[in-house]
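This structure is a prediction, so every number in the text was calculated from the model and none was measured.
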Amino acid sequence: MNSDVCAAPVSLASADSLAHWNKMIRAYLAHGPSTPQHLGAVLDAEPDFAMGHAARGLFSLMMGRAEMWQVAEDARTAAHTARGRGPVSAREQGWIDALDQWLADSPTGAIAALETVLEKHPSDTLSAKASQAIRFILGDAPGMRRSVERVLHTHGPDHPLRGYLMGCHAFALEETGDYAAAERAGLEGLIHAPDDAWGLHAVAHVHDMRAEPDAGIALIEGNTDAWQGSNNFRYHVWWHKALLHLDRGERDVALALYDSQIRAEKTDDYRDIANATSLLMRLELEGVNVRDRWDELGALAENRIDDGCVVFADLHYQLALSGAAKGDAARAMSDRFARDARQTGDMAERVSDPGLSALAGLNAFAEGRYGDAFVQLSDARPRMPTIGGSHAQRDVFERMTIDAGLRAGHFDATEQILMDRLKLRAGHEDRFAATRFAHLSRARAIPAQ
């Protein structure tokens, strides 16, 4: 049995197929747009390659779209059929098991299957990246860090994919609050893998969390080779740049980036919708009139009411529905949440808590019921990390909670949330925190005057 660029076994017979598989791995790690093309070439040449079908299924589920569920089911059928026609390695069986688990509504089971692979093949960067990707969807930052750190020792200077694993480590370090170590790991990783958009963006996260907009903007502008050639992930890097400009008070720049880059392609990929809706909401909280930009997003979100794949995605769809004043669609989303919360599985658990409270809070905020919004969003806060995404992405909900509290006059409770947010950022005060602390001071001074 051959080995791939991860020094892990792979049952591909031809050198050409192995070359495409290795290119697929590198493209996947770099968030490259050629990932599906290389995987398709492998499966066209060797349709009995079970791991290739399992990878297609897992990658489809990572897209968080209802229509991709059937694609994943078909991939599972093909993987099991291929396995019956020839021997597979334990690594390949682990990928099939991971797909089976996720399709049984257990992405946590999928992670466990991939971690079993890593126990035997710790140099398998592909499995390490896939494990982190699923943990990211589930909001398991400590798990991301444990997983990467278990296999770091096998990714020494001679490992051809060292830089990409360092990018994964950088992101895990940032999400667990070790900002200095995250910056070091991310920058070192870029030396080994200059096209690692994930690692570059991990360092951008660090600058966001430490309220260093100048450094973050310089990082992104100075490393365009790392991300400009990536798939739609490049829109997410533009989103980070817009946030950094917003932290400098450059609202017009942030809005211009929305029009020229972040929504340059009007996709309904949930990650792109999340970029767009969360930036528009941040701008509105700062008093910017975003005019009719919600309408396009609302129309796309209206078609996603019944997806129910990722709670993080659903909450951003709801932002779009509210922003576009699609009240019937927003109520339909609430009804679907109520139904899903009664089901079983990893996502149903997250719909139940914190999803129901978070969704109710978003609806109340949109309707100007700020007291109710504050209560519901505050109730959701302890488990909001489990919806997935990053601290920076979920911060839009934190900002809405804080502003709801200020508008409803819940000053003491809001101050505590501001302090919690400041602690998460290691004491670094960004423009949002500074303006809200100032708002608190003014509001408290009014009775005395």
Side-chain angles (χ1 to χ4, degrees), residues 57-58 60-73 76 98-113 134-140 143 268 270-271 273-274 277 298 300-322 326-367 369 371-389 393-394 396-397 400-401 404:
L58 285 175
S60 296
L61 292 174
M62 289 175 191
M63 294 179 70
R65 300 163 65 92
E67 66 268 26
M68 300 309 293
W69 198 268
Q70 186 59 53
V71 175
E73 289 278 12
R76 172 170 64 174
L99 180 56
D100 287 342
Q101 286 290 322
W102 199 338
L103 286 171
D105 294 320
S106 179
T108 55
I111 292 168
I134 304 172
R135 290 183 190 274
F136 176 73
I137 291 171
L138 297 179
D140 181 13
D268 70 343
Y270 85 82
R271 294 158 294 193
I273 297 293
T277 55
L300 294 173
E302 201 168 12
N303 297 323
R304 292 291 166 188
I305 293 169
D306 293 322
D307 262 24
C309 295
V310 181
V311 177
F312 174 87
D314 289 335
L315 294 180
H316 285 86
Y317 293 144
Q318 194 75 345
L319 284 179
L321 295 174
S322 297
K326 291 186 174 290
D328 290 343
R331 284 186 288 274
M333 179 78 83
S334 298
D335 291 342
R336 199 263 296 162
F337 261 50
R339 294 193 301 271
D340 286 359
R342 296 192 291 269
Q343 304 302 312
T344 59
D346 289 342
M347 286 305 166
E349 177 185 329
R350 286 161 172 75
V351 171
S352 177
D353 183 14
L356 289 174
S357 293
L359 195 76
L362 297 185
N363 289 337
F365 193 98
E367 295 167 7
R369 296 183 288 109
D372 290 342
F374 183 73
V375 169
Q376 295 286 0
L377 290 171
S378 295
D379 285 347
R381 283 187 70 244
R383 281 184 53 80
M384 281 299 280
T386 68
I387 69 168
Q393 289 175 307
R394 293 188 301 270
V396 67
F397 304 118
M400 293 177 73
T401 307

State, to 0.1 Å, how close [X] and [Y] come at their nearest heavy-atom pair, and which atoms those are.
{"X": "G57", "Y": "A72", "answer": "O-CB, 3.6 Å"}
{"X": "G308", "Y": "D340", "answer": "CA-OD2, 4.2 Å"}
{"X": "S322", "Y": "N363", "answer": "OG-OD1, 4.2 Å"}
{"X": "Y317", "Y": "A301", "answer": "O-CB, 3.6 Å"}
{"X": "T277", "Y": "A320", "answer": "CG2-CB, 3.7 Å"}

Problem set entry | Heavy-atom side-chain contact between H316 and Y270 under 4.5 Å | no
Problem set entry | Sub-4.5 Å side-chain heavy-atom contact between F312 and L138 | no
Atom [atom1] in [X], atom [atom2] in [Y]: separation rounded to 0.5 Å?
{"X": "I387", "Y": "Q393", "atom1": "CD1", "atom2": "CD", "result": "9.0 Å"}
{"X": "L356", "Y": "D379", "atom1": "CG", "atom2": "CG", "result": "11.5 Å"}
{"X": "K326", "Y": "E302", "atom1": "NZ", "atom2": "CD", "result": "4.0 Å"}
{"X": "I273", "Y": "R271", "atom1": "CD1", "atom2": "CZ", "result": "11.5 Å"}
{"X": "I305", "Y": "D335", "atom1": "CD1", "atom2": "CG", "result": "10.0 Å"}
{"X": "I111", "Y": "Q101", "atom1": "CD1", "atom2": "CD", "result": "11.0 Å"}

Quick one: does any side-chain atom of [X] pair with a main-chain N or O of [Y] as donor and acceptor, under 3.5 Å?
{"X": "R350", "Y": "G355", "value": "no"}
{"X": "R383", "Y": "D353", "value": "yes"}
{"X": "R342", "Y": "A338", "value": "yes"}
{"X": "S378", "Y": "F374", "value": "yes"}
{"X": "Q318", "Y": "A330", "value": "yes"}

Exercise. So, D105 and T344: side-chain donor and acceptor under 3.5 Å apart, yes or no?
Worked result: no
For this session: From the options I137, L103, I134, select the one residue that forms a side-chain contact (heavy atoms from CB on, under 4.5 Å) with L61.
Result: L103
For this session: Determine the sole option in L377, V396, V375 for which the side-chain contact (heavy atoms from CB on, under 4.5 Å) test with T401 is passed.
Result: L377
Problem set entry | R65/D268 ion pair, N-O < 4.0 Å | yes
For this session: May I ask you to say whether R336 pairs ionically with D307, meaning some side-chain N is under 4.0 Å from a carboxylate O?
Result: no
